[in-house]
Amino acid sequence: MINITFPDGNVRQYENGVTGQEIAESISPRLAQEVLSIGVNGDTWDLSRPINSDSSIVLYKWDDEEGKHAYWHSSAHLMAEALQELYPGIKFGIGPAIENGFYYDVDPGTAVIKESDLQNIEKKMIELAALKEDIVRQDISKTDALKLFEEKGDEYKTELISDLEDGTITLYTQGNFTDLCRGPHLRNTGEIKAIKMLSVAGAYWRGDEKRKQLTRIYGITFPKKKMLDEYLVMLEEAKKRDHRKIGKELELFMFSETVGKGLPMWLPKGTALRLRLEDFLKKIQRKYEYQQVITPHIGNKLLYITSGHYAKYGQDSFQPIHTPEEGEEYLLKPMNCPHHCEIYKHKPRSYKDLPVRMAEFGTVYRYEQSGELHGLTRVRSFTQDDAHIFCRPDQVKNEFLKVMDIINIIFKALDFTNVEVQISLRDPENKEKYIGSDENWEKAEQSIVEACEEKGLKAKVELGEAAFYGPKLDFMVRDAIGRKWQLGTIQVDYNLPERFELEYTGEDNQKHRPVMIHRAPFGSMERFVAVLIEHTAGKFPLWLTPEQVVILPVSEKYNDYANEVAKKLDARDIRVSVDDRNEKVGRKIRDNELKRIPYMLIVGEKEAENGEVNVRKQGGGEQYSQSIDDFAVSINKEVEKILKEALTF
RNA sequence: GCUGUUGUAGCUCAGGGGUAGAGCACUUCCUUGGUAAGGAAGAGGUCAUGGGUUCAAAUCCCAUCAACAGCUCCA
């Protein structure tokens, strides 16, 4: 007999060699049906694998990552089995479970797998799943494994095997399909019920662009048809919120082939929105004693040689601009910091001056690879809400805390409640990859960790994710559909002050080197607005939205009154327009709902007589009439309240 | 940059070797209206660009450009 310890601390005795499946059965038939994999002493196992010693276990169901993982992993195998039947001789790379579903990288030889083939693959998978084949685990020696896959002629699997240690190699078989795999897997392919193949893409073997590109096939499966349907509905919802779609509909921004790809242009409404966001941050920054500066969009190449960026990114950037005079080369600025360093240097600085906080909405230009461009989230020209804080080493932590406050204020004001924080530190194995002294790195990393602790932020620490010049703290938000976006960032930099030989005079009358902190609460205006669009589905908060109020005259007879109302509201800084088209009210309401305007004021005979407006809030619901004045006051109050709350600190 | 898909009216899209289609938007007219689409008429396109095949190309082929989904990259 062996002792099995459950997550709640309970211990039960079972026969030696008991399986996860049997344990689940011993608890309840329902559990036995729903359980997908089992955690044994921290590893995840198949349910059919015998347990031969005292163990702590967790039974994983669909709602557990580990359970889903096994489910999708087995689904990848089912897809591979289908592919093997449909494309004889096909070779397999890797086929893991991912956050939403699974994929398999395959080499179909001379055949080409296209999007239009997905349906066929799906059909075959359903056919195979109906056979309810058992998935069988088998330990195998490295020699035998190599021999097996060499015979199959699958060079990808043999390459994988040769990197593995003997004694840890397992195979999984279902029907005619055998795959090298660590597992764990479902008991039986019949458990896979609802299947949807999603897309095909190219993917380099082992992520190396110098190696062969395989065909990657994405899919997702669910234990219930209803869950698949819900997932597909969610995908549709995501599409509806896509900032590229809404940006076009609401006329916020555009691209032009003639201007160039990845170069967004802000339309009047988008500009209005963006300027309001910028003003908001400027107000906060004024309170936090930032100084606003403006610098040119180009800089001498020597500037970037000094900063070190030219050596690292020069060949992958927009190439230098040559002047008519010989030997002069300028670069479009890919970041603002070198310019700001020069501003810092323009006069001697005393320790009393520090910290110097220099802010600029600086537009930068980066040559992103063409395949990487994506709406407003990845572009070749964007405006950072950039600032550089030059401070003494002992001020780093405090400055960090202040920046965290600013980011917090912004996220709160915009209702980004689901914020994830990531601390990116050096890869301790690979210290030579980074610029700067060991001592400085340790100091900086420690400051970040401490600052997070002080703020009670639950930050995820990622080793090896730091920039080459310093560690950083990134703020990620999820939009309403759960997709993750990186926005705000705070980065310590011990490198640029060194390269630009920045100095201040200390109390001791000696020259000292300041520390630099790069920070951008929005990240870039482009990306932030993109995320804001998706977060709000285009229904921006009243204080931000480009159009706050639209007046709908019931008929053309009341256009004059409507214009009068508009004039009065405009005089009170309310962003208002009149829909004076020759249309019925119902039509005007519909069109202005689609434009996501928060308030519609319907005016007709009654209102004109009484000097009132009939208020209809976005989305309908309750309507009420009030005087023009009362309405104006209530709108102004609503906006002021948000700004006041946000700006009280 | 790589792989695959796509490119037809301002927008969303159908069609497809023989003189270009719909809905919405736009213009004009009718209607003068009360909380999510009133009616009619009209205007609008070198079918992404450049080559090729063909009696004939928007349609087939090649290249280029751009967008989309991934991969790789990201100061």
Side-chain angles (χ1 to χ4, degrees), chain A residues 98 103 105 112-118 198-218 239 242 244-245 248-249 251 254-262 304 307-314 316-317 331 333-338 364-375 377-380 384 386 435 465 467-470 472 486 489 491 493 495-496 518 552-559 581-595 600-607 614-625:
Chain A
I98 52 178
Y103 67 80
D105 284 347
V112 181
I113 300 175
K114 289 187 267 182
E115 212 127 304
S116 51
D117 300 318
L118 291 180
L198 296 170
S199 61
V200 190
Y204 300 109
W205 172 232
R206 309 198 105 175
D208 184 345
E209 63 182 304
K210 291 186 191 72
R211 306 196 64 176
K212 187 162 181 182
Q213 190 158 36
L214 305 178
T215 306
R216 176 169 297 179
I217 307 172
Y218 286 89
K239 264 193 211 158
D242 193 315
R244 292 165 298 183
K245 183 175 143 63
K248 205 184 262 179
E249 281 169 7
E251 299 186 332
M254 63 167 283
F255 292 88
S256 150
E257 277 187 35
T258 312
V259 170
K261 59 182 162 186
Y304 302 102
S307 73
H309 290 107
Y310 189 78
K312 195 161 171 80
Y313 296 103
D316 301 322
S317 299
L331 287 178
K333 76 171 163 189
M335 77 289 296
N336 306 299
C337 23
V364 296
Y365 303 87
R366 296 180 185 175
Y367 184 82
E368 301 291 353
Q369 292 189 55
S370 63
E372 185 53 43
L373 300 173
H374 179 93
T377 55
R378 270 317 271 285
V379 284
R380 285 179 171 172
Q384 295 176 312
D386 210 359
I435 298 175
E465 285 294 304
F468 74 91
Y469 52 79
K472 59 179 180 172
Q486 194 239 296
T489 178
Q491 313 189 354
D493 190 341
N495 173 50
L496 279 185
H518 311 247
L552 315 181
V554 164
S555 86
E556 286 178 335
K557 283 194 271 186
Y558 310 104
N559 280 356
R581 292 175 305 162
N582 179 7
E583 292 291 350
K584 293 186 171 187
V585 215
R587 178 52 178 275
K588 292 185 185 181
I589 287 172
R590 179 186 150 78
D591 289 348
N592 287 290
E593 275 291 344
L594 293 176
K595 283 161 84 179
M600 288 178 221
L601 304 180
I602 289 111
V603 297
E605 191 180 357
K606 219 174 72 193
E607 288 76 17
N614 185 265
V615 183
R616 182 194 198 277
K617 270 200 173 194
Q618 192 176 44
E622 193 192 356
Q623 290 121 34
Y624 51 92
S625 286

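Dashed line: the shortest gap from a side-chain N or O of A:K114 to OP1 or OP2 of B:G4 is not under 4.0 Å.
For B:C62 and B:U53, the P atoms lie 15 Å apart once the distance is rounded to whole Å. With both ends at atom P, the span from B:A58 to B:A9 equals 15 Å, rounded to whole Å. Comparing B:U32 with B:G38, their C1' atoms are spaced 11 Å from each other, to the whole Å. If you take atom C1' in B:C30 and the same atom in B:U35, they sit 24 Å apart, rounded to whole Å. Nucleotides B:G7 and B:G15 are separated by 15 Å at their C1' atoms, to the nearest Å. When the P atom is used for both B:U6 and B:C61, the distance is 11 Å, rounded to whole Å. Nucleotides B:C55 and B:A63, compared at atom C1', are 26 Å apart to the nearest Å. If you take atom C1' in B:A48 and the same atom in B:U5, they sit 16 Å apart, rounded to whole Å.
Between A:S625 and A:N614, the shortest heavy-atom contact is OG-ND2, 3.0 Å.
If you check every strand for non-hydrogen atoms under 4.0 Å, A:I113 touches nothing. Using a 4.0 Å heavy-atom criterion, one finds that A:R380 contacts no nucleic acid atom at all.
A:N495 is linked by a side chain to side chain contact (heavy atoms under 4.5 Å, CB included) to A:I435, A:F468, A:Y469, A:D493, A:R499, counting only residues two or more places apart in sequence or in another chain. The side chain to side chain contact (heavy atoms under 4.5 Å, CB included) check on A:V603 picks up A:I551, A:P553, A:Y561, A:A562, A:E607, A:V613, with sequence neighbours excluded. Every residue was checked against the salt bridge (Lys or Arg N to Asp or Glu O under 4.0 Å) condition with A:R380, not counting sequence neighbours, and none meets it. For A:T258, the side chain to side chain contact (heavy atoms under 4.5 Å, CB included) partners two or more places apart in sequence, or in a different chain, are A:S256. Checked against side chain to side chain contact (heavy atoms under 4.5 Å, CB included), A:Q486 has the following partners two or more places apart in sequence or in another chain: A:D474, A:M476, A:T489, A:R527. By the salt bridge (Lys or Arg N to Asp or Glu O under 4.0 Å) test, A:R366 pairs with no residue at all, sequence neighbours left out. Every salt bridge (Lys or Arg N to Asp or Glu O under 4.0 Å) that A:K333 has, sequence neighbours left out, goes to A:E360.
The side-chain heavy atoms of A:E593 and A:R616, taken from C-beta on, include a pair separated by under 4.5 Å. Between A:H374 and A:R244 there is a side-chain heavy-atom pair separated by less than 4.5 Å. With contacts defined as side-chain heavy-atom distances shorter than 4.5 Å, the pair A:K588/A:R581 qualifies. Proximity of A:Y304 to A:S317: side-chain heavy atoms (C-beta onward) are nowhere separated by under 4.5 Å. Counting heavy atoms from C-beta on, the side chains of A:L601 and A:L552 never come closer than 4.5 Å. Side-chain contact between A:K557 and A:E605: absent, with no pair of heavy atoms (C-beta onward) separated by less than 4.5 Å.
The number of heavy-atom neighbours closer than 6.0 Å to CD of A:Q623, taken from other residues, nucleotides and ligands shown, is above 12.
Atom CG in A:L214 sits about 13 Å away from atom P in B:G4, given to the nearest Å. Following rounding to the nearest Å, A:L198 (CG) and B:U5 (C1') show an atom-to-atom distance of 15 Å. In this structure, CG of A:D242 is placed 12 Å from C1' of B:A67, rounded to the nearest angstrom. Regarding A:K239, its NZ atom lies at a distance of 14 Å from the P atom of B:C68, rounded to whole Å. One interatomic measurement links the two molecules: CG of A:D117 to P of B:U5, which rounds to 10 Å at whole-angstrom precision. When the P atom of B:U64 is taken as reference, atom CD of A:E257 falls 15 Å away, rounded to whole Å.
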Q. Nucleotide by nucleotide, 5' to 3', does protein get under 4.0 Å of the base (B), only the sugar-phosphate (S), or neither (-) in nucleotides 70-75 of chain B, counting heavy atoms?
A. BBBBBB
Q: Determine, for nucleotides 32-39 of chain B in 5'-to-3' order, which nucleotides have protein heavy atoms under 4.0 Å from the base (write B), from only the sugar-phosphate (write S), or from neither (write -).
A: BBBBBBB-
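Electrostatic pairing of A:D208 and A:R206 does not count as a salt bridge here, judged by no charged N lying under 4.0 Å from a carboxylate O.
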Strictly under 3.5 Å: I want the nitrogen or oxygen pairs between protein and nucleotides 40-42 of chain B, one per line.
none

Show each protein N/O and nucleotides 11-14 of chain B N/O combination with a separation under 3.5 Å, one pair to a line.
{"unit_1": "B:U12", "atom_1": "OP1", "unit_2": "A:K248", "atom_2": "NZ", "d": "3.2"}

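With pairs defined as Watson-Crick or G-U wobble and both atom distances under 3.5 Å, the stems of at least three pairs that touch RNA chain B come out as B:1-7 with B:65-71, B:10-13 with B:21-24, B:26-30 with B:38-42, B:48-52 with B:60-64.
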Q. Between A:L496 and A:H518, does a side chain to side chain contact (heavy atoms under 4.5 Å, CB included) hold up when you go through it step by step?
A. CA-CA 11 Å; A:L496 279 185; A:H518 311 247; 4.0 Å; yes
